[in-house]
Amino acid sequence: MNGVELGRQLAEGVRSAAPAVLNLLESTAPADVQQARALLRAVSPASLGHEAPGQIVGLTGPPGAGKSSLLSVLVKHLREHDHSVAVLAVDPSSRRSGGSLLGDRARIEYDPSDKDVFIRSTASGGRLGGLARGTRSAAQALAAAFDFVVVETVGVGQAEIEVAEVADTVVVIVQPGSGDTLQFLKSGIMEIPDVLVVTKADLGQIALRARRDLHAALRSLGASTPVIAVSSLPPPLEIDALVTALVRHREAQPLERRRHEMRRAGALTDFALEHGERGLRRLGGRHAAERFLSTLDPGMSEPDLHDALVAKLDQEADGANRS
Ligand SMILES: Nc1nc2c(ncn2[C@@H]2O[C@H](COP(=O)(O)OP(=O)(O)OP(=O)(O)O)[C@@H](O)[C@H]2O)c(=O)[nH]1
Ligand SMILES: [Mg+2]
């Protein structure tokens with residue numbers, strides 16, 4: 001599979017390339033890994049001349065909170081407003097609790113013949129402390145061609161930290177009556193999300209109370225995070241308010257800076273996973289590695305930034321051997 005060609009197609013907005021792009025990015029065959037790098041280079045800001053324009057939204061929440069149901073109505077809403085959308089649903093390989101055990105798990109509904117919607121579920125594949133590299137790469141690549149790229153993960157606490165690695169906008173969704181999120185927020189265990197969604201607003205008072213309590217907790221923490229109560233049952237409620245909040249958040253922040261930071265952090269995370277603390281020390285420590293990355297072209301793709309770190313490590317090793 002030719003990575004450059006697939007990247008060129010995404011850059012031109014050929015969304016039907018998405019399945020092939022995902023297959024390539026998820027492949028571990030050595031030849032594919034090389035082509036995947038070429039693909040990511042072709043959709044990097046250095047090649048495009050600008051950041052990939054799509055908005056990458058991270059959506060996370062505990063099992064059974066209503067994520068899939070919400071995504072179904074969100075996808076429908078976006079399509080009705082002529083926005084293209086890709087969803088990357090990250091399924092944890094092992095589930096310990098929640099919705100699926102109750103056997104009432106919803107699927108994301110969409111029209112499979114609509115080429116402006118792309119939905120892919122991937123197993124989380126066990127990378128410690130983060131999203132699988134394939135998911136991060138896929139979100140970055142698809143943002144070149146889709147107006148919205150939603151990365152869905154399950155959990156609360158760690159999950160929204162993971163999704164923040166790739167998302168422009170982090171949305172945490174909770175269902176009414178779950179005090180966990182409130183406690184996590186108050187105790188600082190949970191990062192403050194960009195948008196908070198309370199699902200199942202059709203349940204009435206209990207949803208309104210959850211919204212009010214979360215709103216109050218966020219204000220007391222000095223955060224102005226919007227809290228939106230939605231319903232995904234027909235007729236859906238407040239989906240337009242959610243989309244407005246997403247767009248406002250995107251408009252309020254400098255996209256370039258956030259994306260540079262994400263690519264650097266991703267490259268450094270992968271480097272640290274491969275070369276360990278020892279590798280980092282040989283670069284002079286994490287801060288020195290970060291400083292080095294900040295001297296490079298901010299439009300470089302994440303794998304190219306990673307390779308630059310490896311090249312630097314080799315240089316240091318050469319230097320050490322000679323002296
Ligand atoms: N009353 C009501 N029920 C809802 C709503 N949204 C989802 N549900 C129900 O809540 C249950 C879980 O919904 P899902 O959309 O599967 O939740 P999920 O977060 O994707 O769950 P997992 O995939 O297991 O993590 C299902 O029985 C849904 O029908 C809603 O807006 N109102
Ligand atoms: Mg689900």
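Please read these numbers as outputs of a predicted model, since none were measured by experiment. Note that ligands are numbered from 1 as they come in the structure, with each ligand's atoms numbered from 1 the same way. These numbers come from the heavy atoms of this one structure, side chains and all, not from hydrogens, waters or symmetry mates.
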Whether K312 engages the ring of F292 as a cation-pi pair (distance to the six-membered ring centre under 6.0 angstrom, angle to the ring normal within 45°) should be assessed. yes
Establish, from distance only, whether the side-chain atoms of T60 and E152 form a donor-acceptor pair under 3.5 Å. no
Output the list of atoms in ligand 1 that are nearer than 4.0 Å to some heavy atom of P63, sorted by atom number. 25 (O)
Which is it for L233 and ligand 1 at heavy atoms under 4.0 Å: side chain, backbone, both or neither? both
Lys/Arg-Asp/Glu bridge criterion (N-O < 4.0 Å) met for E26, R120: yes
Decide if atom CZ of R219 counts as having more than 12 heavy atoms of other residues, nucleotides or ligands within a radius under 6.0 Å. yes
For ligand 1, which is the ligand I care about here, please tell me if L203 has any N or O atom under 3.5 Å from one of the ligand's N or O atoms. no
Are any of the side-chain nitrogens in R258 or E261 under 4.0 Å away from the carboxylate oxygens of its partner? no
Taking only heavy atoms of S69 into account, list the atoms of ligand 1 that are under 4.0 Å away from them. 6 (N), 7 (C), 13 (O), 14 (P), 15 (O), 28 (C)
So is G64 close enough to ligand 1, meaning a heavy atom under 4.0 angstrom away? yes
Based purely on interatomic distance, does G66 place a nitrogen or oxygen under 3.5 Å from a nitrogen or oxygen of ligand 1? yes
Quick check: does S69 have an N/O/S atom under 2.8 Å of the Mg ion (ligand 2)? no
Which ligand 1 atoms does A106 reach within 4.0 Å, using its non-hydrogen atoms? 14 (P), 15 (O), 16 (O)
Here the atoms of ligand 1 under 4.0 Å from any heavy atom belonging to S231 are 31 (O)
For H249, which residues count as a ring-ring contact (aromatic ring centres under 6.0 Å, His included) partner, sequence neighbours excluded? none
Name the option, out of R105, K67, K200, that contains the heavy atom nearest to atom 11 (C) of ligand 1. K200
Nearest-0.5 Å distance that lies between atom CG in L221 and atom CD1 in I192: 5.0 Å
